[in-house]
Amino acid sequence: MDVVLLSRIQFAVNIGFHYIYPPLSIGLGLLLVIMEGMYMKTKNPLYKQMTKFWVKVFALTFAIGVATGLVQLFAFGTNWARYSRFVGDVFGSALAAEGIFAFFLEAGFLGVMLFGWDRVRPSMHYFATICVAAGAHFSALWIVVANSWMQTPAGHKVIGVGDQARAVVTDFWAMIFNPSAVDRVIHVVLGCWLAGIFFAISVAAYYMLKKKFEPFARMTMKIGLIAAAIALVLQLISADRSALIVAKYQPSKLAAMEGIYKTEPRTPMSLIGWVDEETRTFKGISIPGGLSLLVHRDLETPVTGLDQIPEENWPRINTVFQSYHLMIYMWCFMALVTILGLFYLWKKKLSAKRWVLRALVLSVLCPQIANQVGWITAELGRQPWIVWGLMKTSQGTSTSINANQLVGSLTMFTVIYILLFTLFIFLLDRKIKNGPEDVPEEMPYRDVYQMKVKPKGAS
Amino acid sequence: MNITAGLEIFWYLVVGLAMIAYTVLDGFDLGVGILHPFAKTDVERRTFLNAIGPVWDGNEVWFVIVGGALFAGFPEVYATSFSSFYNLCMCLIAALIFRAAAIEFRSQKPSPKWRTTWDMVFAIASLAIAFLIGLGLGNLVEGIPLDANHDLQTHLFSTLRPYPVLVGIMAVSLFTMHGAIFLVMKTEGHLQKKLMKWTKSAIGIFIFWYAVTTWATFIYMPHMVARMKEEPWLFLVGVFALLAILNILREESRKNYGWAFISSCVGIAVFVALFGIGTYPVLIRSEIDPAANSLTIFNASSSTLTLEVLMIIVIIGVPAVIGYGIWIYRIFRGKVRLGASSY
């Protein structure tokens, strides 16, 4: 295998694994602000218990998020040196802003949020929680802005040619507010909120099934379902806006997402199916004219198909198609369980509807899957470009590394990630089973070393 | 001097100050990690862990800032150094991941086997980070075979040359001493007495490696002292480093650990400054043709506009970071108290 393919796989593994955690931190951050805010307002100890429990879970996801996030700091330089040289001038300011405005805020105040319960006033603790949540959101903001520039570059000029070419900023604000930036930041942040919200819903549903910690579970469920309903509606609006941007700036991506080969009036919108890349046909169910209506708000205007785009600039059509559709199915499932959950909660029958609770327990996977395949759609749909229209992915790798080094590092990451994920699930399971009540450990830690250390003279 | 050159020098200073912040702050975290397995009881180990618990994460961000600042201001340097030191970077990544995991996971389960395993992971990862940072800096001092395209291949073993290894060992001894002094300030009673003894040994070991490294730099890295020979007043910086180190000894013998810690911070900062004085304006030295192929702050920088934007970000952001950073350190000042929310 070659360096380009291995580097792409390695980046996908790194970022895919990393992206399990930051959405949880961002979504839980939002919930913590809500819960602790309600505690500040009502002084109801139940809210404090909820906050304390989710802070502990937050700490666990945050730790792995940071550990795997550090990899990304290296990844551009180690594997994508030519890309880094090309985009450094543009990326630089966004990443510097992320470091200074986001990471310090998050990591700095995390200490106060975790360990400061008895050391600062409740209002200061709440302030720390807000700062942590704000930091988590800011980091999403800056990194998605940088990524959006790769999708819809603006505010720059390219100087030099070949390996000496560099993208140089000419207009900072045009670069930051590049055409897709605002909509994509909103879309991503809503996806993160859903990740955190359904995490909380899932745990609450589990407790309701087991009939444990019921006041805690009911309140978490209520907050979770209401937040989910709001976020899901917002996500639908955001998705529509994002699709319009893709249609305008990245027609080949949209064509791949919908499997459109032919440019024609009444362009169909596919619901489910398979794109046969050999015969260049789509097999499945679609709504005639649906895509035209979505993109142009008009049935007759054609949507650009792949026939209008040179073949060397096509992404992997079926992979993009399936990823995109899976994301939508996940939204549908989340919407369905939220409606059911809210309905039975309103009817006060949720505890008895065990199948709904079971579906709610499983729902934690939906935003996670949606986030992963959403990014796969965005990034694979951008191929063969690493920076849309400016640089191909194959031109971005480091020239000083070889396939053997990559096989070594890829193996290392895979092993580490399997280990981390196993430990994460194991510890999370323990935390959830221990529950929100502060129960002292059943087996108090016996100081094993105490026996070895015999009093030796003066020491 | 034109505006661009001024901005380039400004950004070079920013990278340098971020490096100082990282080595001073995460330096004691690394030292605590290295000393961790020498603590025998679980309470002692938890005390160590919680001494850095609330702050280590924020300290580590300075590392991200150093890397990010290079990417932003000197993208050529970021791209060349990280891809050239590929294997070193991968080891460093692994060590950073395992340290974070160890700190977070260690106290999650009361099982002794679980805890001792993570204790060892914590110590080895901290040791590895300290060594690899020294190794990397040592390699930057000695230079790497960089061609005119600023590309090359350096395997892990070709970075393990004598001088960089020596710098790596020196870094380990430096951070160990720094961490030991920090722990003396954060502990009390029996444990503190024990740590005072360790501090004494750690200072002795560090001074030995400091002397060897200084000697090796003078003999084998003449380009590092070339600037000082041109501008002799810069020797004062070296003398200042020596005075800071001697002051650690003095304060230690007087049991003024607060001042010993400040001296240790100053010592670390001056070491970074000496690295800068010796290498300026070079960031990555080419062994093949140092004059033509080296990456300097002038031939590797971002555009003037980006450097201006970066300067504004720093001017707005850094005072706030320092402000709330100090506030957070003040909240957790004093001796370690183990409680329900501790690690």
Side-chain angles (χ1 to χ4, degrees), chain A residues 59-60 63 66-68 70-71 73-74 76-78 81 84-85 88-89 91-93 95-97 99-101 103-104 107-112 114-120 168-170 172 398-401 405 409 412 416 420 423 427 430 438 441 443-445 447-450 452-453 459, chain B residues 40-43 53-55 57-58 60-61 64-65 67-69 71-73 75-76 78-84 86-87 89-90 93-94 96-97 100-101 103-105 108-110 112 149 151-153 194 302-303 305-306 309-310 313-314 317-318 321 324-325 328 331-332 339-342:
Chain A
L60 187 61
V66 169
T68 55
L70 273 167
V71 180
L73 168 72
F74 289 87
F76 301 112
T78 51
S84 298
R85 292 189 184 114
D89 196 67
F91 251 50
S93 30
L95 290 190
I100 287 174
F101 297 132
F103 291 160
F104 275 117
F109 284 99
L110 179 77
V112 182
L114 290 182
F115 306 108
W117 290 106
D118 323 316
R119 292 201 179 229
V120 293
V168 175
V169 180
T170 52
F172 176 72
S398 302
T399 49
S400 61
I401 55 172
Q405 283 175 301
S409 56
M412 176 190 90
I416 290 180
L420 280 185
L423 287 164
L427 290 171
R430 265 175 67 87
D438 269 330
E441 289 277 358
M443 175 178 57
Y445 189 79
D447 231 329
V448 277
Y449 310 101
Q450 209 85 62
K452 290 185 206 158
V453 186
S459 71
Chain B
K40 288 298 172 220
T41 68
D42 187 60
V43 172
V55 293
D57 231 333
E60 198 185 61
V61 174
V64 179
I65 296 295
F71 195 0
E76 309 279 331
Y78 167 77
T80 299
S81 59
F82 281 43
S83 61
S84 299
Y86 189 85
N87 294 352
C89 284
M90 292 302 144
I93 290 172
L96 287 165
I97 291 179
I103 293 175
E104 182 59 34
F105 293 168
Q108 300 263 2
K109 247 175 80 103
N149 281 328
D151 260 330
L152 93 162
Q153 191 154 347
K194 197 155 72 176
S302 289
S303 66
L305 177 61
T306 292
V309 170
L310 291 174
I313 292 173
V314 164
V318 170
V321 167
Y324 64 70
I328 290 165
I331 292 174
F332 294 103
S341 54
S342 301

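Numbered from 1 within each chain, the chains take letters A, B, ... in sequence-line order.
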Inset, instruction - Could you tell me which of B:A94, B:S81, B:G317, B:S303 has the largest number of non-hydrogen atom pairs under 4.5 Å with chain A? - result: B:S303
Inset, instruction - Report the option among A:G77, A:A107, A:S84 that has the most heavy-atom pairs separated by less than 4.5 Å from atoms of chain B. - result: A:G77
Inset, instruction - Taking all heavy atoms of A:R85 and all of B:T80, pick out the closest pair and write down the distance. - result: NH2-OG1, 2.8 Å
Legend entry - Interatomic distance, A:I416 atom CD1 to B:M90 atom CE [nearest 0.5 angstrom]: 10.5 Å
Legend entry - Greatest number of heavy atom pairs closer than 4.5 Å to chain A - which of B:V321, B:V55, B:L310: B:V321
Inset, instruction - Give, as side chain, backbone, both or neither, the part of A:F91 having an atom under 4.5 angstrom from any heavy atom of chain B. - result: side chain
Inset, instruction - Pick one of side chain, backbone, both or neither for A:V112, based on which atoms fall under 4.5 Å of a heavy atom in chain B. - result: both
Legend entry - Structural part of B:V64 lying under 4.5 Å from a heavy atom of chain A: both
Legend entry - Engaged part of B:I65 at the chain A interface, taking heavy atoms whose separation is under 4.5 Å: side chain
Inset, instruction - May I ask you to decide if A:D89's main-chain N or O and B:T306's side chain share a donor-acceptor pair within less than 3.5 Å? - result: yes
Legend entry - Engaged part of B:V318 at the chain A interface, taking heavy atoms whose separation is under 4.5 Å: both
Inset, instruction - Drop me the distance from A:L423's CG to B:Q108's CD, to the nearest 0.5 angstrom. - result: 10.0 Å
Legend entry - Taking every non-hydrogen atom, the tightest pair across B:A79 and A:A81: CB-O, 3.4 Å
Legend entry - Residue part contacting chain B, namely of A:V169, when any heavy atom lies under 4.5 Å: both
Inset, instruction - Measure the CZ-CZ distance between B:F82 and A:F76 for me, rounded to the nearest 0.5 Å. - result: 11.5 Å
Inset, instruction - Please look at B:A69 and chain A and tell me whether the side chain, the backbone, both or neither of the residue comes under 4.5 angstrom of a heavy atom of that chain. - result: neither
Legend entry - side-chain contact (heavy atoms from CB on, under 4.5 Å) assessment of B:I331 paired with A:F115: CA-CA 10 Å; B:I331 292 174; A:F115 306 108; over 6 Å; no
Inset, instruction - Could you check B:I97 against A:L70 for side-chain contact (heavy atoms from CB on, under 4.5 Å), going step by step and ending with a plain yes or no? - result: CA-CA 8 Å; B:I97 291 179; A:L70 273 167; 5.9 Å; no
Legend entry - Closest non-hydrogen atom pair between A:L73 and B:Y78, with its separation: O-OH, 2.5 Å
Legend entry - Choice from A:G99, A:G116, A:S409 maximising heavy atom contacts with chain B below 4.5 Å: A:S409
Legend entry - Spatial distance of atom CG (A:L95) from atom CZ (B:F71) [nearest 0.5 Å]: 6.0 Å
Legend entry - B:I328 versus A:G108, closest heavy-atom pair with distance: CD1-O, 3.2 Å
Legend entry - Side-chain touch B:E60/A:V66, heavy atoms, less than 4.5 angstrom: yes
Inset, instruction - Look up atom OG1 in A:T68 and atom CD1 in B:I93, then write down how far apart they are to the nearest 0.5 Å. - result: 11.0 Å
Legend entry - Residue pair B:A72 / A:S93: nearest heavy atoms and the distance that separates them: CB-N, 4.5 Å
Legend entry - Exercise: identify the closest heavy-atom pair between A:S398 and B:S83: OG-CB, 3.5 Å
Inset, instruction - Examine whether an atom of B:L305 lies under 4.5 Å from a heavy atom of chain A, and if so say whether it belongs to the side chain, the backbone or both; otherwise answer neither. - result: side chain
